[in-house]
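If you read the sequence from its start, that first residue is 1, and numbering goes on from there.
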Amino acid sequence: MYLYNVTLILEDAAAEEWLQWMQDIHIPEVMATGLFVSNRLLKVVDSPNEGVTYCAQYVAETLEQYNKYQEEFAPALQAELNERYKNRFVAYRSLMEFVPPTP
């Protein structure tokens, strides 16, 4: 299983509107692709950055599902984010693989 993490640092003035948009529109659109099995949205409470920092996380069962999302859906969804909040955020994206516990 794979965790796709998007960390966003937002200007204070954009944070509340962005949070509502994420919860009402963006996350449901990402989940509607059918390529992720779960998601969560977290607020970083001890961020050293100015502004407000959030992490949106999505779990894919396979690397192929993640790659399909990146190829077919991510460009348009990221473009919408960039258009809505242009120059008001910075985003960092990473992909992590779950490590099974040792017996």
Side-chain angles (χ1 to χ4, degrees):
M1 303 233 338
Y2 294 85
L3 179 82
Y4 173 46
N5 182 79
V6 183
T7 300
L8 293 105
I9 304 166
L10 298 132
E11 291 181 356
D12 289 323
E16 189 174 322
E17 177 191 329
W18 175 87
L19 180 59
Q20 194 70 48
W21 175 76
M22 280 293 285
Q23 293 173 323
D24 294 346
I25 297 169
H26 187 75
I27 292 174
E29 287 178 342
V30 172
M31 295 307 293
T33 67
L35 298 169
F36 297 103
V37 295
S38 67
N39 72 84
R40 75 186 113 191
L41 184 60
L42 304 104
K43 183 176 181 181
V44 178
V45 295
D46 65 349
S47 175
N49 302 302
E50 290 186 28
V52 183
T53 303
Y54 285 94
C55 295
Q57 299 181 337
Y58 307 92
V59 176
E61 290 183 328
T62 67
L63 187 56
E64 290 75 22
Q65 289 171 318
Y66 167 79
N67 287 334
K68 183 174 182 176
Y69 171 78
Q70 287 298 327
E71 292 168 13
E72 296 181 19
F73 299 99
L77 291 168
Q78 290 174 12
E80 184 179 358
L81 170 69
N82 291 333
E83 185 178 315
R84 281 183 85 84
Y85 299 99
K86 186 176 183 172
N87 299 322
R88 300 184 348 184
F89 77 98
V90 176
Y92 302 94
R93 294 171 176 87
S94 56
L95 178 65
M96 295 169 260
E97 183 176 12
F98 284 82
V99 177
T102 56

Is Ile27 linked to Val59 within one hydrophobic cluster, defined over Ile, Leu, Val, Met, Phe, Trp and Tyr using a side-chain heavy-atom separation of less than 4.5 Å?
no

Are Leu8 and Leu81 close enough, and set up right, to give a side-chain contact (heavy atoms from CB on, under 4.5 Å), and what steps lead you there?
CA-CA 11 Å; Leu8 293 105; Leu81 170 69; 3.9 Å; yes

Out of Tyr66, Phe73, Tyr69, Phe36, which one pairs with Tyr58 under the ring-ring contact (aromatic ring centres under 6.0 Å, His included) rule?
Phe36

For Gln57, run the side-chain contact (heavy atoms from CB on, under 4.5 Å) check against Val6, Asn5, Leu41, Asn39 and tell me which one passes.
Asn5

When you group the ILVMFWY residues by side-chain heavy-atom contacts below 4.5 Å and let the links chain together, are Tyr54 and Tyr92 in the same group?
no

Looking at Glu80, I want to see if its CD is surrounded by more than 12 non-hydrogen atoms of other residues, nucleotides or ligands under 6.0 Å.
yes

Measure the CG-CZ distance between Asp12 and Arg88 for me, rounded to the nearest 0.5 Å.
11.5 Å

Same cluster or not: Trp21 versus Val90, using hydrophobic residues (I, L, V, M, F, W, Y) connected whenever any side-chain heavy atoms lie under 4.5 Å apart?
no

Between Val37 and Met1, is a side-chain contact (heavy atoms from CB on, under 4.5 Å) present by the stated rule, with each step listed?
CA-CA 10 Å; Val37 295; Met1 303 233 338; 4.2 Å; yes

Can you find a pair of side-chain heavy atoms, one from Tyr85 and one from Trp18, that are under 4.5 Å apart?
yes

For the student: nearest non-hydrogen atoms of Thr7 and Cys55, plus distance
OG1-SG, 3.4 Å

Non-hydrogen atoms of Met22 and Ala56 that approach each other most closely
CE-CB, 3.8 Å

Here's a test for you: under side-chain contact (heavy atoms from CB on, under 4.5 Å), which of Glu61, Glu72, Glu64, Lys68 qualifies with Leu35?
Lys68

Checking Gln70 against Arg93 for the side-chain contact (heavy atoms from CB on, under 4.5 Å) test, could you report, in this order, the C-alpha distance in whole Å, the side-chain angles of both residues, the deciding distance, and whether it holds?
CA-CA 11 Å; Gln70 287 298 327; Arg93 294 171 176 87; 5.7 Å; no

Criterion side-chain contact (heavy atoms from CB on, under 4.5 Å) on Arg84 and Phe89, from CA distance to verdict:
CA-CA 10 Å; Arg84 281 183 85 84; Phe89 77 98; over 6 Å; no

Do Met31 and Leu95 belong to the same hydrophobic cluster, where Ile, Leu, Val, Met, Phe, Trp and Tyr are linked whenever their side-chain heavy atoms lie under 4.5 Å apart, directly or via other members?
yes

Given the rule that I, L, V, M, F, W and Y join up when any side-chain heavy atoms are under 4.5 Å apart, are Ile25 and Leu77 in one cluster?
yes

So, do Leu10 and Glu17 sit near enough that their side-chain heavy atoms are less than 4.5 Å apart?
no

